[in-house]
Amino acid sequence: MGDVKLSFVVHKPQYKGETSRLAITHAIAYQTVEILLDDGDTVTPTLCFIGEGVLGFDKDQKAMDLYGITSTEAHLKNCLLVDLNVMMCKEDMEKYGISEDVLPDADEMGADMKVQVVPYAEIEKTMEEAQHVLFF
Amino acid sequence: MGTLTIGCFPGLVGSMAYDFSLKLAEAAVDKGHKVNIWFSGNATGSVKANQKHLKDYSTGEKYIKTLLEKGVEICTCEACTVARGVKKDEGIEGVQWNAMHWYLAKIHGSDRVLQIGGE
């Protein structure tokens with residue numbers, strides 16, 4: 001069957017509910033899915049944040065200190081570290097007044113990937129190219 | 001016939017989306033389709049055995065057992081489940097416990113995927 005492209009589309013803000021975080025952890029699980037697949041089969045997810053889904057990713061979060069839970073910043077860094085394609089909707093970031101500068105990177109961890117801030121049209125193209133779209 | 005994988009995230013009580021997921025699964029398997037169900041988030045609380053079916057609340061156990069008997073594969077996210085205090089030996093027999101890659105692997109082999117979102 002080869003590679004199956006998945007598009008994880010997150011429209012709920014981080015911390016408000018559980019599913020917006022579960023989208024991230026499910027996407028990261030692509031790293032280990034091959035143990036359950038036949039040789040040559042792979043899953044390639046793209047993680048897309050739209051609408052209120054762009055909220056909650058600022059740098060220097062203190063979720064572990066204050067609530068004893070992993071921050072979404074840490075999750076986002078893990079995504080980049082495992083070469084996951086992460087897209088944020090440019091228009092929605094502008095709508096909420098979020099600058100690209102506040103988004104974390106994982107340079108200090110040695111990640112090659114960066115969060116991509118892209119027009120919605122590009123996210124829509126990703127959804128069209130995916131075999132399955134999972135809406136969180 | 002095709003393969004349908006349902007990702008079920010809503011809680012057993014408080015949302016009819018859970019009931020919808022299981023009823024849809026039964027309709028699909030009755031038509032001859034292969035069906036997989038992945039429980040994550042609050043839906044994982046529904047795999048605990050010995051649920052008392054009070055008429056004012058949805059019940060998962062009865063439907064889960066029926067679906068298992070009909071050949072539906074059901075798996076719960078182990079991390080989500082233990083985080084809710086449900087131990088493996090307290091779970092409904094026949095429900096698999098695994099990590100999120102189980103869901104992705106089932107999606108890989110599916111013709112259709114329905115992601116039923118949670119809270």
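This is a predicted model, so every value here is computed, not measured. Below, chain A is the first sequence line, B the second, and so on; all start at residue 1.
The shortest non-hydrogen separation linking A/Ala29 to B/Met100 is CB-CB, 3.7 Å. Counting all heavy atoms, side chain and backbone alike, A/Leu36 lies closest to B/Trp102 at CD1-CA, 3.6 Å. Listed here is the closest heavy atom pair of A/Phe8 and B/Leu104: CZ-CD2, 3.8 Å. In terms of heavy-atom proximity, B/Arg84 sits nearest to A/Glu18 at NH2-OE1, 2.7 Å.
With a threshold of 4.5 angstrom between heavy atoms, A/Phe136 approaches chain B through side-chain atoms but not through N, CA, C or O. Looking at B/Cys77, there are no atoms closer than 4.5 Å to chain A (heavy atoms on both sides), in backbone or side chain. For chain B, no part of A/Ile28 is nearby; none of its heavy atoms comes within less than 4.5 Å. Contacts between A/Leu37 and chain B at a heavy-atom distance below 4.5 Å involve the side chain alone, from C-beta outward. Heavy-atom distances place the side chain of A/Lys12, and not its backbone, under 4.5 Å from chain B.
Following chains of ILVMFWY side-chain contacts shorter than 4.5 Å, one can reach A/Met113 starting from A/Val10, so the two form part of one hydrophobic cluster. Tracing side-chain contacts under 4.5 Å through hydrophobic residues (I, L, V, M, F, W, Y), one reaches B/Leu12 starting from B/Leu54; they form part of the same cluster. When hydrophobic clusters are built by joining Ile, Leu, Val, Met, Phe, Trp and Tyr residues whose side-chain heavy atoms come closer than 4.5 Å, directly or via intermediates, A/Ile98 is grouped together with A/Ile24. Following chains of ILVMFWY side-chain contacts shorter than 4.5 Å, one cannot reach A/Val118 starting from A/Tyr96, and the two form parts of different hydrophobic clusters. B/Leu4 and A/Leu6 are members of different hydrophobic clusters when ILVMFWY side chains are connected at heavy-atom separations under 4.5 Å.
Counting heavy-atom neighbours within 6.0 Å of A/Lys59 NZ, excluding the residue itself, gives a total above 12. Environment of NZ in A/Lys16: sparse, with no more than 12 heavy atoms of neighbouring residues, nucleotides or ligands closer than 6.0 Å. Other residues, nucleotides and ligands contribute over 12 non-hydrogen atoms within 6.0 Å of the CD atom of A/Glu108. Enclosure of atom NZ in B/Lys34 by more than 12 non-hydrogen atoms of other residues, nucleotides or ligands within 6.0 angstrom is indicated. By the neighbour-count criterion of 12 heavy atoms within 6.0 Å, atom CG of A/Asp39 is sparsely surrounded, having that number or fewer from other residues, nucleotides or ligands.
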- Task: Apply side-chain contact (heavy atoms from CB on, under 4.5 Å) to the pair A/Gln131 and B/Val113, showing each step before the final yes or no.
- Result: CA-CA 9 Å; A/Gln131 272 98 326; B/Val113 177; over 6 Å; no
- Would you check, one step at a time, whether the test side-chain contact (heavy atoms from CB on, under 4.5 Å) holds for B/Ile107 with A/Val33? CA-CA 11 Å; B/Ile107 289 173; A/Val33 70; over 6 Å; no
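Between chain A and the residues B/Gly117, B/Gly118, B/Gly7, the largest count of heavy-atom pairs under 4.5 Å involves B/Gly118. Taking A/Thr42, A/Val43, A/Thr32 one by one and counting their heavy-atom pairs under 4.5 Å with chain B, the maximum is reached by A/Thr32.
Contact of the A/Leu22 side chain with the B/Cys80 side chain is registered, since non-hydrogen atoms from C-beta on lie closer than 4.5 Å.
In this structure, B/His108 contributes its side chain and A/Gly2 its backbone to a donor-acceptor pair below 3.5 Å.
Ring-plane geometry between B/Trp38 and A/His26 is classed as perpendicular, the angle between the planes exceeding 60 degrees on a 0 to 90 degree scale with a lower cut at 30.
The distance from the CG atom of A/Leu134 to the CZ atom of B/Phe9 is 8.0 Å, given to the nearest 0.5 Å. B/Asn42 CG to A/Thr19 OG1: the interatomic distance, rounded to the nearest 0.5 Å, is 9.5 Å.
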